[in-house]
Amino acid sequence: MITAERKPLAEIIDYIDNCRRILLVGCNECVTVCAAGGRKEVAMLASAMQMDFMKRGKTVDIREMTLERQCEPEYVEELAPFIDQADAVVSMACGCGVQEVVRRFRGKRVYPAVNTSFMGAAERPGVWAERCHGCGNCLLGLTGGICPIARCSKRLMNGPCGGSSKGKCEVSTEIDCVWQLIWDRLKELGIEDRYEEIILAKDWRTERGGGPRKIVREDLAQ
Amino acid sequence: MITDSVLEKVFAAGHIAVTGECGPPRGAMPEVVKEKAEKLRGYVDAVNVTDNQTAMVRMSSFAASLFLQQMDMPPVMQMVCRDRNRLAMQADIIGAYAHGINTLLCLSGDHPHFGDHPMAAGVFDLDSIQLIQTVKRMRDEGKFQGGADIKGPPKMFIGAAANPFADPFELRVARLAKKVRAGVDFIQTQCIYNMDKFEQWMKGVRERELHKEVYIMAGVTPMKSVGAARYMKNKVPGMDVPDHLVERMAKTPKEKQAQEGIDICVETIQRLLSIEGVAGIHIMAIEWESAVPEIVERSGLYPRPQV
Amino acid sequence: METFEPVIVAFCCHYCAYTAADMAGTMRLDYPANVKIVRVPCSGKVDPIHMMKALELGADGVLVAGCLEGDCHFKTGNVKAARRVTYVQTQLEEIGVEPQRLAMVTMSAGMGTRFAAIANEFTEQIRKLGPNPVAAARKAQAAPAPVAQVN
């Protein structure tokens with residue numbers, strides 16, 4: 001999923017301080033799962049904003065809405081009946097959701113309330129960790145199913161640097177050395193000799209090197 | 001001989017090679033580079049010039065290497081993958097070679113996290129093994145990484161690092177094999193203090209006969225004080241300083257610790273020279289270049305051969 | 001000058017604090033009338049939004065009262081409640097509302113005396129803090145209730 005974290009309240013307030021009517025929009029997908037911008041977080045932020053305004057003797061109307069998927073036009077359309085009654089939209093979706101709202105409602109100010117972080121998985125309840133970098137050319141078949149691009153601090157493709165110590169990364173003991181994980185996994189599978197196959201210099205065009213990316217499925221495209 | 005590198009000539013003539021290290025200054029101070037290098041003159045065959053060592057901005061490795069080149073002291077230009085993409089790296093390689101710099105050490109580089117610009121983007125377009133491949137292809141095939149022909153290809157003698165003390169230990173020989181497969185000519189290791197572990201690694205290297213395919217230079221660093229010993233033991237990732245050495249430094253009176261550090265270093269080198277497969281010694285006397293002459297002399301590595 | 005009488009909302013777990021409050025009553029122990037009790041099936045059922053809304057809508061202090069550690073009828077509801085309280089406190093700090101206005105307390109069903117003591121102490125603590133700045137501002141401008149519409 002795409003993970004996110006809520007921005008500091010002060011930053012959000014700074015965007016909308018001169019607005020009186022806010023449409024606060026969450027998303028039922030990834031940001032709900034990582035507890036950053038689902039229905040509950042929308043309610044919490046609405047309450048916090050409300051209190052912040054009241055405390056300063058100001059009033060604000062906040063309409064809370066949480067869309068099924070803020071990154072898809074058909075759901076974003078649900079905002080249409082309410083958009084004119086808002087001075088600004090505050091989106092708690094990932095950056096994709098924010099921009100879908102922007103694309104649909106030109107001339108409306110739209111502000112992000114979360115920092116979109118990374119593509120990850122829940123390691124345990126309440127803890128999400130990066131797993132995929134979206135490089136566009138998956139290496140997992142060569143690295144025992146564990147990604148060095150997303151999970152090595154130096155995205156080294158051919159093995160651990162000299163800073164790997166007791167299974168941890170030199171950058172922080174909070175970070176697993178992914179090459180230790182890969183090596184352990186290759187051994188478990190009995191294919192550690194695969195390690196010595198050199199992974200060639202990566203073609204980053206499928207990542208960001210080729211500019212913004214787009215996928216077109218001709219059979220589905222309208 | 002594949003290059004004009006003095007280091008390669010020393011190896012080829014069957015001598016134990018000796019290299020030193022010069023960390024460029026954090027400012028436009030050519031005299032600092034020259035002073036450091038001058039202290040090493042005559043005692044080493046070539047001098048490593050670090051590339052934004054510990055992720056701190058310094059005079060560029062290329063520029064400082066050039067000063068050494070002009071002083072008739074062959075530089076080993078270090079190049080890390082952290083700060084430049086493959087365009088910039090290949091450009092610097094051609095440029096350096098055009099100025100007569102013919103020995104290059106390919107490194108991943110310390111993570112920006114450790115330096116004075118932790119907010120900087122780490123580039124890591126290539127990793128060290130891919131950089132080795134790139135330099136080899138430039139030299140042997142006259143091709144850029146992207147495939148185009150190079151007019152006047154750079155004939156670099158290609159080095160890389162190895163750290164037998166990092167984890168996972170059992171992968172470390174395989175990692176060396178991978179660098180050999182990528183085309184590396186010589187290796188400089190991390191500073192060796194844990195001799196048992198190094199010997200164990202070398203045993204693995206010999207079992208695969210890798211020492212016959214690559215010149216392995218054993219790395220040493222004299223410890224200036226017990227504080228330095230403890231710092232390296234506890235704070236530097238990938239360093240392995242056994243307790244008995246820290247204790248030996250701690251037992252020595254403060255004013256004699258530097259001398260003790262040199263003694264340990266000389267003893268280490270003597271033991272390293274008895275290990276089959278060690279083709280050279282790389283002395284990293286960081287900010288202590290003046291210790292190098294004594295270390296080299298007492299290790300029986302002086303005078304240096306004329307090649 | 002009129003004395004400030006704080007409004008305290010206490011979310012009390014049915015299995016412990018609610019019974020303890022009841023017992024305090026039957027024991028005829030004095031505790032301030034300021035404390036308004038909301039019975040919940042478990043302190044773990046108190047969502048952060050409940051704590052926020054209580055303060056947003058005018059409470060001067062909020063108590064979440066659950067079972068003693070290890071005694072939760074639903075195993076770990078009280079532990080979760082304590083973590084949620086800490087989380088909401090960080091949110092309050094961001095708004096500039098004193099985090100001490102919210103507290104987690106634990107007790108058993110038999111601790112009528114403890115309930116009364118806590119109710120007294122907490123009320124005193126909030127009295128010292130003064131009115132909830134949010135409620136005070138609202139009262140001052142006599143604004144209408146906040147518009148919070150949920151789709």
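Just so you know, these numbers use all the heavy atoms, side chains as well, and skip hydrogens, waters and symmetry mates. We name chains A, B, ... by the order of the sequence lines, and we start the count at 1 in each one. As the structure is a prediction and not an experimental result, all values here were calculated from the model.
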| message | If I measure from the heavy atoms of chain A, does B/D167 come under 4.5 Å with its side chain, its backbone, both, or neither? | response | both
| field | Gap between atom NE2 of B/H111 and atom SG of A/C169 - 0.5 Å precision | value | 7.0 Å
| note | Highest number of heavy-atom pairs under 4.5 Å with chain A among B/G238, B/G122, B/A174 belongs to B/A174
| request: Count the heavy atoms belonging to other residues, nucleotides or ligands that lie under 6.0 Å from OH of B/Y231, then report whether that count exceeds 12. | output: no
| Inter-residue atom distance B/Q130.CD - A/I199.CD1, 0.5 Å rounding | 8.0 Å
| field | Structural part of A/K187 lying under 4.5 Å from a heavy atom of chain B | value | side chain
| Enclosure of A/E196 CD (heavy-atom neighbours >12, cutoff 6.0 Å) | yes
| query | Counting N and O atoms only, with roles assigned by atom type, does the side chain of A/R155 sit under 3.5 Å from a partner on the main chain of B/D127, one being a donor and the other an acceptor? | reply | no
| More than 12 foreign heavy atoms under 6.0 Å from CZ of A/R213: is that the case here? | yes
| field | Verdict with supporting geometry, A/W179 and B/R175, side chain to side chain contact (heavy atoms under 4.5 Å, CB included) | value | CA-CA 11 Å; A/W179 275 103; B/R175 182 150 168 83; over 6 Å; no
| field | Neighbour count >12 (heavy atoms, 6.0 Å) for atom CZ, A/R56 | value | yes
| request: Go through the atoms of B/H113 and report whether side chain, backbone, both or neither lie under 4.5 Å from a heavy atom of chain A. | output: side chain
| Is atom CZ of B/R208 surrounded by more than 12 heavy atoms (other residues, nucleotides or ligands) closer than 6.0 Å? | yes
| task | May I ask you to check whether over 12 heavy atoms, not counting those of A/I215, lie within 6.0 Å of atom CD1? | result | no
| query | CD1 of B/I129 to CG of A/L200: how many Å apart, nearest 0.5 Å? | reply | 11.5 Å
| When heavy-atom pairs shorter than 4.5 Å are enumerated against chain B, which of A/P160, A/S165, A/G163 gives the highest number? | A/P160
| field | Rounded distance (nearest 0.5 Å) linking atom CG of B/L171 with atom CD of A/E192 | value | 10.0 Å
| What are the two closest heavy atoms between A/W204 and B/F124, and how far apart are they? | CZ2-O, 4.1 Å
| note | For B/K178 and A/I198 the tightest heavy-atom approach is O-CD1, 3.7 Å
| field | Top of A/S164, A/G167, A/S172 for chain B proximity - count of heavy-atom pairs under 4.5 angstrom | value | A/S164
| Interatomic spacing from SG in A/C161 to CG in B/N163 - rounded to 0.5 Å | 9.0 Å
| task | Return yes when atom CD of A/E174 has more than 12 non-hydrogen atoms of other residues, nucleotides or ligands closer than 6.0 Å, and no otherwise. | result | no
| message | Quick check on B/D125 against chain A: is it the side chain, the backbone, both or neither that has a heavy atom closer than 4.5 Å? | response | both
| field | Whether over 12 other heavy atoms sit under 6.0 Å from B/R137 CZ | value | yes
| task | Can you see which heavy atom on B/R181 is nearest to which on A/E197, and at what distance? | result | NH1-CA, 3.7 Å
| request: Measure B/R172 against the heavy atoms of chain A and call it side chain, backbone, both or neither at under 4.5 Å. | output: side chain
| task | State whether the side chain of A/K154 and the backbone N or O of B/S108 hold a donor-acceptor pair below 3.5 Å, judged by distance alone. | result | no
| Which bit of B/Q145 is near chain A, if near means a heavy-atom gap under 4.5 Å: side chain, backbone, both or neither? | side chain
| B/F114 portion near chain A, given a 4.5 angstrom heavy-atom threshold | side chain
| remark: Heavy-atom closest pair (A/G162 atom, B/A166 atom, distance to 0.1 Å) is O-CB, 3.3 Å
| remark: Applying a strict 4.5 Å limit to non-hydrogen atoms, the region of B/V236 in contact with chain A is neither
| request: Examine whether an atom of B/Q190 lies under 4.5 Å from a heavy atom of chain A, and if so say whether it belongs to the side chain, the backbone or both; otherwise answer neither. | output: neither
